[in-house]
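Note on naming: letters A, B, ... go to the chains in the order of the sequence lines (proteins, then strands), and numbering restarts at 1 for each one.
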There are 2 protein chains.
Amino acid sequence: MPDAQRWQAGIRATRKRVLVLDVLLAQDRPITTKQVYDELSRRGQPIALTTAYRAVSSLVAAGLVHVFSQAGEATYRACGPTRHHHLICRDCGLVVEQEEEGRPDGFTVEAVYGICASCARGQQQAGS
Amino acid sequence: MPDAQRWQAGIRATRKRVLVLDVLLAQDRPITTKQVYDELSRRGQPIALTTAYRAVSSLVAAGLVHVFSQAGEATYRACGPTRHHHLICRDCGLVVEQEEEGRPDGFTVEAVYGICASCARGQQQAGS
DNA sequence: CACGTCTTGACAATGGTTTTCATTTTCTAC
DNA sequence: GTAGAAAATGAAAACCATTGTCAAGACGTG
């Protein structure tokens with residue numbers, strides 16, 4: 001690894017952080033730090049749990065990943081830098097990105113929690 | 001307390017639970033269980049922390065209180081039974097109730113997290 | 001009043017997350 | 001390249017919100 005690889009916010013693109021980001025990019029819904037850790041073990045690229053926690057945290061700081069907090073634990077999801085917010089289903093964890101709409105009251109929406117149409121019908125969406 | 005006082009869902013309106021609800025009703029933004037506990041101690045009506053946790057949990061089950069999760073911990077707020085959701089400011093904790101609007105995609109909104117106009121301007125709203 | 005049930009409190013246990021500190025990587029300068 | 005400074009990593013311990021356990025107490029009914 002010759003040159004200095006950096007992302008926004010000046011954080012280094014280290015080997016471990018890249019591995020963590022790879023895992024997050026491969027998911028279609030937010031996952032926990034423990035799940036990132038497990039996935040890397042499964043891939044034969046083990047990482048210390050502590051490091052996994054620090055990695056997701058750095059990625060969030062760099063704006064590459066979004067945090068969600070569901071049921072007492074934080075979940076993470078890789079996200080582009082485009083202005084958007086998310087609809088998160090409390091039941092199945094499904095996440096839908098939405099264009100920024102802008103509200104008359106000046107409130108800047110970051111995340112919208114609720115129940116998606118499928119779950120509302122009781123047809124449990126394919127949960128993780 | 002002569003008769004059996006009950007709220008919806010068949011939970012009893014016990015002395016402790018009423019105390020906890022009183023504290024929550026007196027707040028203008030969500031607070032943690034520990035804060036409920038501290039406030040009751042200050043009022044000379046001490047409660048076991050365990051009991052405080054169980055009380056807020058019962059009140060949520062009874063539909064009298066809403067839970068929010070901010071920064072890894074749960075916060076609670078007394079709420080009427082009317083259909084509505086909330087706008088919660090991640091910075092100052094301000095909560096604004098909103099009428100149910102109904103979305104074209106069938107998503108049922110429960111909570112909207114973001115930044116309120118004041119905080120966006122950097123004029124930190126009076127935090128707790 | 002007496003019994004059965006739900007609630008309370010003290011304490012231990014859990015589980016996600018953070019801290020500490022020594023070691024290793026990575027970046028920049030020479 | 002190589003040296004030195006700064007940042008990242010790993011292992012273990014520390015933290016802290018929350019939940020479980022169990023005995024004692026309050027409540028409500030018959």
Side-chain angles (χ1 to χ4, degrees), chain A residues 1-24 30-41 44-62 64-65 67-76 93 128, chain B residues 1-24 30-41 43-62 64-65 67-77 93 128:
Chain A
M1 287 84 230
D3 292 50
Q5 281 268 40
R6 282 169 185 280
W7 284 312
Q8 299 101 299
I11 78 156
R12 291 179 183 166
T14 63
R15 216 170 311 154
K16 300 292 183 180
R17 298 216 260 240
V18 171
L19 286 173
V20 168
L21 183 55
D22 279 348
V23 170
L24 291 175
I31 61 176
T32 64
T33 308
K34 185 63 174 20
Q35 290 175 310
V36 170
Y37 166 88
D38 288 339
E39 174 60 18
L40 284 176
S41 299
Q45 303 272 26
I47 186 177
L49 189 51
T50 309
T51 305
Y53 273 100
R54 279 186 291 227
V56 293
S57 173
S58 303
L59 293 171
V60 169
L64 295 166
V65 165
V67 211
F68 302 97
S69 66
Q70 306 177 93
E73 61 187 345
T75 55
Y76 302 85
S128 72
Chain B
M1 290 89 220
D3 291 51
Q5 283 267 42
R6 283 168 185 280
W7 286 312
Q8 301 101 299
I11 77 155
R12 289 182 186 163
T14 63
R15 218 170 308 152
K16 301 290 182 181
R17 297 217 260 240
V18 170
L19 286 173
V20 169
L21 184 55
D22 279 348
V23 169
L24 291 175
I31 61 176
T32 64
T33 309
K34 185 63 174 22
Q35 291 175 309
V36 169
Y37 167 88
D38 288 338
E39 174 60 19
L40 284 175
S41 298
R43 293 187 185 181
Q45 302 272 24
I47 185 177
L49 190 51
T50 308
T51 304
Y53 272 99
R54 279 186 292 226
V56 292
S57 173
S58 303
L59 293 171
V60 169
L64 295 166
V65 166
V67 210
F68 302 97
S69 64
Q70 306 178 91
E73 60 187 346
T75 54
Y76 302 86
R77 179 166 191 275
S128 72

query = Between Lys16(A) (NZ) and dA7(D) (C1'), how many Å, whole number?
reply = 15 Å

note = Whole-Å distance, Arg12(B) CZ to dG4(C) P, equals 15 Å

request  = Assess whether atom CZ of Phe68(B) is packed by more than 12 heavy atoms of other residues, nucleotides or ligands within 6.0 Å.
outcome  = yes

query = Using rotation axes that map the C1' atoms of four end pairs onto the next four (five pairs an end), what angle separates the end axes of the helix from dC1(C)-dG30(D) to dC30(C)-dG1(D), to 10°?
reply = 40°

key: Distance below 4.0 Å between Tyr53(B) side-chain N/O and dT19(D) OP1 or OP2   = no

inquiry  = Among dT17(C), dT8(C), dA8(D), which nucleotide has an atom closest to any side-chain atom of Thr14(A)?
reply    = dA8(D)

Every protein N/O within reach of nucleotides 10-15 of chain C N/O, cut-off under 3.5 Å:
{"residue": "dC11(C)", "atom": "N4", "partner": "Thr50(B)", "partner atom": "OG1", "Å": "2.8"}

query = Quick one: which of Val36(A), Leu19(A), Leu40(A), Val23(A) gives a side chain to side chain contact (heavy atoms under 4.5 Å, CB included) with Ile47(A)?
reply = Leu40(A)

Arg17(B), nearest nucleotide to its side chain (from dA7(D), dT8(C), dT18(D)) = dT8(C)

ask   = Going from CG on Leu59(A) to CD1 on Ile11(A), what distance comes out if it is rounded to the nearest 0.5 angstrom?
value = 5.5 Å

Whole-Å distance separating the CG atom of Leu49(B) from the P atom of dA17(D) = 9 Å

query = About how many Å separate OG of Ser69(A) and OH of Tyr76(A), when rounded to the nearest 0.5 Å?
reply = 9.5 Å

message = Output the rounded distance in Å from CG (Leu19(B)) to P (dT7(C)).
response = 15 Å

inquiry  = For a 4.5 angstrom cut-off between non-hydrogen side-chain atoms, does Val67(A) reach Val60(A)?
reply    = yes

query = Can you check whether Lys34(A) has a side-chain N or O nearer than 4.0 Å to OP1 or OP2 of dT17(C)?
reply = no

query = Would you say dC27(D) has OP1 or OP2 under 4.0 Å from some side-chain N or O of Arg15(B)?
reply = yes

task = Just call it for Ala74(A): base, sugar-phosphate, or nothing, with non-hydrogen atoms closer than 4.0 Å on any strand.
result = sugar-phosphate

message = What is the distance, to the nearest angstrom, from the CD1 atom on Ile11(B) to the C1' atom on dT5(C)?
response = 15 Å

